[in-house]
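Note on naming: letters A, B, ... go to the chains in the order of the sequence lines (proteins, then strands), and numbering restarts at 1 for each one. Quantities reported herein were computed from a predicted structural model and do not represent experimental measurements.
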Amino acid sequence: MFKPVQKNVNFPALEENILKFWEEKQIFQKTSEQRSECPEFVFYDGPPGTNGRPHIGHMMQSALKDLWPRYKIMNGFHVIRKAGWDTHGLPIELTAERELKLSSKRDILTFGEDKYIDYCRSTVFRYKESWEKAIRRIGRFLDMEHPYLTLSNDYIQSDWYLLKLAWNRKLEPDRIELQGKSVSPRFLYKDYRIMPYCARCGTTLSNFEVAEGYKDVIDMTLTAKFRVQGMENTFIAAWTTTAWTLLSNVALAVGPEVDYVAVKLQGDTEGAKAGQTIIMAAARLEAYKKQLEPYDLLWTRKGSELAGLEYFPLWDFQVNPQAHRVVSDDYVTTEDGTGIVHLALYGDDDFRIIRREGFPLVQNVAENGLCTQNAGQYAGRYFKDETLDIDVLKDLKQRDLLLAKEKHEHSYPFCYRCDAALMYFARPGWFLRTASYRPEMLRANAYINWQPNHIKEGRFGNWLENTIDWNVTRERYWGSPFPVWACADPDCPGEVCAGSLDELRQFAGSETDKILFNEKLGALDLHKPLIDRLKIPCPHCSKPMSRENFVLDSWFNAGLMFIGQWGYPATLGSKEIFARQYPCDFICEAIDQTRGWFYTLLATSTLFSMCNDFPEQDWSCYRNVICTDLVLDEEGRKMSKSRGNVIDPATLFEKFGADATRWSFYTTNPWNVRRFSAENVKDCVRDVLLPLWNSYSFFITYARVDNWTPNKTDLCQDHPLDRWLLGELTRCQREVSQALDQYDVAPASSACARFLDQLTNWYIRRSRRRFWKSEDDHDKQSAYATLYQVLTDFCLILAPFMPFVSEEIYQNLVTTVKPEAPESVHLAAWPKPALDKIDEELAATMEFARKIVRSGRDLRQKHSIKVRQPIAEVKAVISDGTFDGIKAMKDLILEELNAKKFTLLKDDKTLVQLIAKPNLKALGPHFKNEMNKVAEVIKAFSPDVVQQIADGLSVKKDGFDIQPDDVIIEQQAPTNCPISNSEGFTVALNLELSDDLVAEGLAREIVHCIQNLRREADLEVTDQIRIRISTDESAIINAIAAHNSWIRTETLAKDLSVATEPPNSSSKPIKIDQYSVYLTVEKAI
RNA sequence: GGGCCUAUAGCUCAGUUGGUUAGAGCGCACGCCUGAUAAGCGUGAGGUCGGUAGUUCGACUCUACUUAGGCCCA
């Protein structure tokens, strides 16, 4: 027999018990073991960093990441769910710097690299327990006992393996892009990039950090005159906001399509002398009126014609035969300045052009922010020293090389830590040739199913289109070590790249393991600083080589988890498991990962696949991806500690439970920004969990009363309600499967919600009597069998969504009575459709019946007739083919509307008239421009014509040939009748109340009162009672006389005594309608 | 400055290929019902789908522009 159901269900407490049950019985392990021979469904878990706490957005991720694996397992797949933690990266170093009060690389070196790195390592797992606790509590099945860690030696070797693939791969000759002569054709090459750099802290900054520190400032800008070689007294004018960069000028750039003019000054101005010729963009002349007018226009030329002009540098210390030439480039515009840009090695575009044109790499301001010894009289000055700008300005002015000066407001980045102005500085790094396999990444993207779809061609596609070579190294301390050693002799080309620890041992010799042994860890440690102590003899000149002092971009590190999580290929057994676990079927992360993990997975897996000759469809290591958006607070703001609007997942779990929290994330499209509040979760309890629980509790209550248990022979369900409900269950099962197969969660949850409504608000409500009636007949058996099957199957469908409550219900419904069944709902199979075929006609008819009932209730309410008062007749007029079906629903409708007679009519002129409406969808294609006219004609049809159309005849009218399909026939009720009409049907009630009907209504009132008294007296459902009624109201006495036995049956009364004298006791009369009645109920013994 | 997304009822959100009366839940109002239900149910009010223009017989849906917000990039 089923166990009784607790009345006051406490979901959070229930969930804690289920968690214990899962752990005791090792259900998670069994979901994997029991399916070890099944086909794989591959899931990759992106590694979160655990030096911060998990928040509500992560819980949404967990809810989604858990849903599909559970669903797939029930569908017969084997799913590995391996957790991963990201243990490298800048956030960790920033935490360490903050807590150790270090603000620069110099500080770090003073503090001690080894101590600093140890500290970083110590913060890595600071909140790992919080993560584990939250993930466990939300019911996510995830293997956190064997997580992959990006800092492990196995993982690092996967980094090295992939780098070595890139190292060995070389650009095909026909795909070599012009990148400067010194760069190697390897897919992994060393180069420079202009990085935001704080000279004071001695640190490059990430884009994110730069964005923190923009300020509007006023700077002195100046326009310098560069004397052209071979042209008499002629100067090119170029504008700059950073005077200090002029010290490193190597070239001037013009726009190839821009018009430039040469103007000869007629008189002296504050910037130039009579007779001098100045070259600038025609469009900029206006801005330099003061310095130029009056002038003679000598010529106009396109920028492309100016390219190649040579000029004298501003200072002698700059003289270099390779430099100081005009070049053209599309990035030059005429928006500000002179339309001519001075180039120095302190800007991205500058760097690109300088490299392309082969100009010398001049940096007369060094990385410490001081002018170098090459900078003549400026040597040793700080680049942002205000007097430096002034001195440069005076200097140029004095030598007649200054056209103009002006104060200019613009936004400039400052160091978010120390507030010093940043500079853009060429820094070395190692690059992956991602740009060279951009077409392959685009092809790989074509095989990815993105949810939402617009990411594929939009945000992600655009990013791929514009991808440039990826700087995979960082000049930092805590990270995956970069495994390239280069010869100390700058002229020697010797370098090696270690693709594994074994290879490193071969390079570095027998001392390797000894050097890499970390005493504190008691294990080999591949991180800095130990690895820097390895010296490898140069293969060319045998001098010692040193490691290129970089760590890997932590995105590169995380991106190759598809091999890293197995330590592929160095780790024992990794090749076998990798072969089964590549590519992956499903990943789910937030939208900020388009340029993060989504990209780095694709970039690394495409490279990996190309090197291993994988087929095109497997180049991307993921096939389906859900890209979620942010979870905001209820006012649409980001949640942050400082605002105090953070919702702690733990409080939701404690208050409402994990199932409700999970469900709240399944009801909307997760790729839209979501305003979230605890109210959402509360609603889920009320809308979904409680109705489900109540249905279950209803079933158990009666099954226990009748001692009912499932029995296979009872499955002959012919009651229309039973067949209908089984059909709706099948529909729900199909819709959920279909939606989940498309990685679309919202339709899946709404299918469940719809079914739940059908179950509680129609099936159970209309079937109550079938369960509590005393005859144990076929109808009752059928009701039990149906409700049992529906609850168990529905429970299985809900299991991936709400793993706790579904487990609880499953345990009682299934395992208590079927010992042979799987011991957990999560080890059970996804339910098969309850019916082979849904009876669509029955479904439509039932829907129709419900609509008729709604209209009927509407009418009762409008005429103030409460449902307890029976009425004589319900009339319905329907016009379409469900006529016979509706007739079969007669009893349902009568019971629900409490009426005596149901009359169904095909048409009734007194109740309805037919009206014609144009069927636009049909008319549009036929009549096009004339459709509006035809529509008017149809609306104006006379009743005869409407009838003709209704009878299926075509009509010629006003020159139009109108077919029955062109018209929609609807019913319209005459006004002033107790009638309600809606699409396709009309309902009318006969509200005249005979004396009998009034008496019956009173009897129902009496029963209602008695039932309330039963409940107040805390009687059991099955308890028998005695009723005593005292009243002198003849209406009541008559009603009781007429319905005596019915009242007793309804209330399980052994006897019912009626007296006309009020009882002696002090009891008060109660009101039944307008009548006073003394009523007592006591338990019969 | 560029790319992408979002805008639908008081609130949170659905809305399949352009088609007649744009849906749900919450909230609100009114009412009903109660021998499954810390309840439940029904009905109603409430939106012309951010704005403008266009394409079309017809636009929440397609196009362009625009406003506001968001994310990413520069």
Protein-nucleotide distance ([X], atom [atom1]; [N], atom [atom2]), rounded to Å:
{"X": "D687(A)", "N": "A14(B)", "atom1": "CG", "atom2": "P", "answer": "16 Å"}
{"X": "N761(A)", "N": "G25(B)", "atom1": "CG", "atom2": "P", "answer": "10 Å"}
{"X": "I764(A)", "N": "U37(B)", "atom1": "CD1", "atom2": "C1'", "answer": "10 Å"}
{"X": "N680(A)", "N": "G27(B)", "atom1": "CG", "atom2": "P", "answer": "13 Å"}
{"X": "N466(A)", "N": "C72(B)", "atom1": "CG", "atom2": "C1'", "answer": "12 Å"}
{"X": "N898(A)", "N": "C33(B)", "atom1": "CG", "atom2": "P", "answer": "9 Å"}
{"X": "R766(A)", "N": "U34(B)", "atom1": "CZ", "atom2": "P", "answer": "12 Å"}
{"X": "Y599(A)", "N": "G3(B)", "atom1": "OH", "atom2": "P", "answer": "21 Å"}

[X] side chain vs [Y] backbone, donor-acceptor pair below 3.5 Å:
{"X": "S697(A)", "Y": "V5(A)", "value": "no"}
{"X": "N445(A)", "Y": "K456(A)", "value": "yes"}
{"X": "D966(A)", "Y": "Q963(A)", "value": "yes"}
{"X": "R770(A)", "Y": "K780(A)", "value": "no"}

Taking the six-membered ring for Trp and the single ring otherwise, decide whether the centroids of F598(A) and W450(A) are under 6.0 Å apart. yes
Examine F771(A) together with F699(A) and report whether their ring centres are nearer than 6.0 Å. no
Going by modelled atom types, is there a donor-acceptor pair between the base of C26(B) and the side chain of R686(A) at under 3.5 Å? no
Pick base, sugar-phosphate or nothing for V9(A), based on heavy-atom distances below 4.0 Å to the nucleic acid. base
Sugar-phosphate only, base, or nothing, as touched by T594(A) at under 4.0 Å among non-hydrogen atoms: nothing
Of T760(A) and L920(A), whose closest RNA chain B nucleotide lies nearer the 5' terminus? L920(A)
For V685(A) and Q869(A), find the nucleotide of RNA chain B closest to each by heavy atoms; which residue's nucleotide sits nearer the 5' end? Q869(A)
Checking side chain to side chain donor-acceptor pair (under 3.5 Å) for the pair R438(A)/N466(A): CA distance, chi angles, key distance, verdict? CA-CA 8 Å; R438(A) 183 192 301 146; N466(A) 296 313; over 6 Å; no
Carboxylate-amine/guanidinium contact D348(A) R193(A), below 4.0 Å: no
With the threshold set at 4.0 Å, does a side-chain nitrogen-carboxylate oxygen contact exist between D757(A) and R754(A)? no
Could you measure between the two [atom1] atoms, the one in [N] and the one in [M], and give it in whole Å?
{"N": "C57(B)", "M": "A74(B)", "atom1": "P", "answer": "47 Å"}
{"N": "U61(B)", "M": "G19(B)", "atom1": "P", "answer": "11 Å"}
{"N": "G15(B)", "M": "A64(B)", "atom1": "P", "answer": "22 Å"}
{"N": "G58(B)", "M": "A22(B)", "atom1": "C1'", "answer": "16 Å"}
{"N": "A7(B)", "M": "U52(B)", "atom1": "C1'", "answer": "16 Å"}
{"N": "G40(B)", "M": "C26(B)", "atom1": "P", "answer": "9 Å"}
{"N": "C4(B)", "M": "U20(B)", "atom1": "P", "answer": "31 Å"}
{"N": "C72(B)", "M": "U55(B)", "atom1": "P", "answer": "39 Å"}

Given the rule in the ring pair (Phe, Tyr, Trp, His ring centres under 6.0 Å) test, do W555(A) and Y599(A) qualify, once you have shown the distances and angles that lead to the verdict? CA-CA 9 Å; W555(A) 284 115; Y599(A) 173 67; over 10 Å; no
Choosing from [options], which nucleotide comes nearest the side chain of [X]?
{"X": "R768(A)", "options": "U6(B), C26(B), U37(B)", "result": "U37(B)"}
{"X": "R459(A)", "options": "G70(B), A14(B), C71(B)", "result": "C71(B)"}
{"X": "R595(A)", "options": "C72(B), U6(B), G19(B)", "result": "C72(B)"}
{"X": "H1008(A)", "options": "U34(B), A14(B), A36(B)", "result": "U34(B)"}
{"X": "N669(A)", "options": "C26(B), G15(B), C5(B)", "result": "G15(B)"}

Counting only heavy atoms and a strict 4.0 angstrom limit, can you tell me which residues of residues 688-700 of chain A come near RNA chain B? L690(A), N694(A), S695(A), S697(A), F698(A)
Taking every heavy atom of Y702(A) against every heavy atom of Y784(A), the minimum-distance pair comes out as O-OH, 2.7 Å
Bracket notation of RNA chain B in which parentheses pair within the strand, [ ] cross earlier pairs, and | pairs with another strand (Watson-Crick or G-U, under 3.5 Å): (((((((..((((.....[...)))).(((((.......))))).....(((((..]....)))))))))))).
